[in-house]
Amino acid sequence: MTTIRIPTPLRAYTDGLSSIQIQADTVQSAMQALVTQYPTLEQHLYDETGELRAYVNLFVNEHDVRALQGAQTELNPDDQLKIIPSIAGGLSEEEGISIVDHSALRVNQAAIITLTIGAFVIDAIWLVALVGGIMLVGSLLGRPGFITLYHGFRRAGLVKPDKLLDHREPHRFAQTVGGAFLAGATTALLAGATIIGWTLAWIVVSLAALNLFGGFCVGCAAYYWLGRLGWPGFRIEPPPGTAPGHKATHRPGS
Amino acid sequence: MRLHISKPLLGEIERQCLSSYPREAAGLLFGRDDLGARTVVEVQPIENSFEEREQKHRYLIDPRAMLEADERADELGLVIVGVYHSHPDHPALPSEFDRSNAWPWLIYTITSVQDGSIGQTRGWLLDENRGQFDEVELVIDEVFQEKS
């Protein structure tokens, strides 16, 4: 008789038994005999197509049967056939919703507005380039460009987190477009096209202000509309209960 | 179903989740199973065996680690009552990937880590039809539970 060792999570389906004696010549016949004896085990061991589930592992003594002859591995009477789970999981960014700290986004917008207006006032092209660069690097890293400033404000107790269930990508997209506009503004200003350059910079300031004071993110709205036009890689639906571009309303745990 | 865990043990899990951020952390919960309630008496961090570049949103506890853990549980006179993992920058809600790969009976706790700060920890149990996770009441005890 071969002993089949049952892992803890499956013992509820074997009347609490941790090992079961079965007469079988191969791994396959042992497993068939096991699910015949305990039919409710089957759905947890095999998927809808009858294949062994991806995270179910069968070991004969200390050896994975995949390194032997698979299901056809022969069994001796004193062998132990062990069903061993491997455990996998994790979040799915493509399906799930993230926690986005809107307080960090607001500090980011305030920094963009203040520094870009400052650049206009003192006529500093380098500052326009710097703000645009920080935004683009932030997008590349998947966070608000001025996140370090936000962390400093938080440590000083000047701001509090405002965590909402939201998608990250639209905010990243909006920041990327803003950064690209400031890069364009820098190029135009360096080329002597002053009006075009400062117009681009003021568009960024206006849209950041609309987001900061009006709670409407034009870049996010554009992101969702591009998704609805069928652009690959863009989401179609904003977070539940909100329209494209509007601020998310649901909090984690609510 | 309730899962009892002491503050110090929950603290151990949270510290691991923080130090692994932005990658997912994982580990096993050893404890006792009584009718309707389980009690964690030891947590064991396990190395995330998923491919390095995927660890931001995936974890894997490989079978050899499970085999060793199962033997260790037997030695301690305990059982593996559950599995914990973190969701970096995401809520403590199970994903579809969590559900489709979940084992029955085990309680899965998920700890949310947001921008390097600890968020909620919530517990989940796969239903009998593998259709969904049901939330488990997480009871955080002040006192450390003895192993025996």
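Chain letters run A, B, ... following the sequence lines, proteins first, then strands; residues in each count from 1.
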**Q.** Heavy-atom pair count under 4.5 Å with chain A, highest-scoring of B/Val79, B/Asp62, B/Ile46, B/Leu67
**A.** B/Leu67

Q) Can you find a heavy atom in the side chain of B/Pro63 that is under 4.5 Å from one in the side chain of A/Tyr55? A) no

Q) To the nearest 0.5 Å, what is the distance between CD (B/Glu128) and OG1 (A/Thr40)? A) 8.0 Å

Q) Taking all atoms of both residues into account, what is the closest heavy-atom pair of A/Pro85 and B/Met66, and its distance? A) O-CG, 3.0 Å

(Q) Between B/Asp70 and A/Arg5, does the side chain to side chain contact (heavy atoms under 4.5 Å, CB included) criterion hold? Intermediate values first, please. (A) CA-CA 11 Å; B/Asp70 213 27; A/Arg5 180 164 168 84; 3.2 Å; yes

Q. In terms of heavy-atom pairs under 4.5 Å with chain B, which of A/His151, A/Arg168, A/Arg11 leads?
A. A/Arg168

Q: For residues B/Glu24 and A/Gly89, report the shortest heavy-atom separation together with the two atoms involved.
A: OE1-O, 4.2 Å

Q | Residues, nucleotides or ligands: over 12 heavy atoms within 6.0 Å of B/Glu135 CD | A | yes

Q: Using the side chain to side chain contact (heavy atoms under 4.5 Å, CB included) rule, take A/Thr8 and B/Trp103 through it: C-alpha gap first, then chi angles, then the decisive distance, then the call.
A: CA-CA 10 Å; A/Thr8 314; B/Trp103 284 81; over 6 Å; no

Q: Check each atom of A/Arg143 against the heavy atoms of chain B and say whether the ones under 4.5 Å are side chain, backbone, both or neither.
A: neither

Q. Under 3.5 Å, side chain of B/Gln114 to main-chain N/O of A/Val100, donor-acceptor pair present?
A. no

Q) Is B/Leu106 close to A/Ile87 at the side-chain level, that is, under 4.5 Å between some pair of heavy atoms? A) yes

Q.
If the contact rule is any heavy atom under 4.5 Å from chain A, which residues of residues 80-88 of chain B qualify, in numerical order?
A. B/Ile80, B/Val83, B/His85, B/His87, B/Pro88

Q.
With side-chain hydrogen bond (donor to acceptor under 3.5 Å, both in side chains) as the rule and sequence neighbours excluded, what pairs involving residues 57-71 of chain A come up?
A. A/Asn57-A/Arg66, A/Asn57-A/Ser86, A/Asn61-A/Asp79, A/Glu62-A/Lys82, A/Asp64-A/Arg66

Q | Minimum heavy-atom distance A/Pro9-B/Trp105, with the two atoms named | A | O-CB, 3.4 Å

**Q.** Residues of residues 27-35 of chain A contacting chain B, heavy-atom criterion under 4.5 Å, by residue number
**A.** none

Q | side-chain hydrogen bond (donor to acceptor under 3.5 Å, both in side chains) involving A/Asn211 - partner list, sequence neighbours excluded | A | none

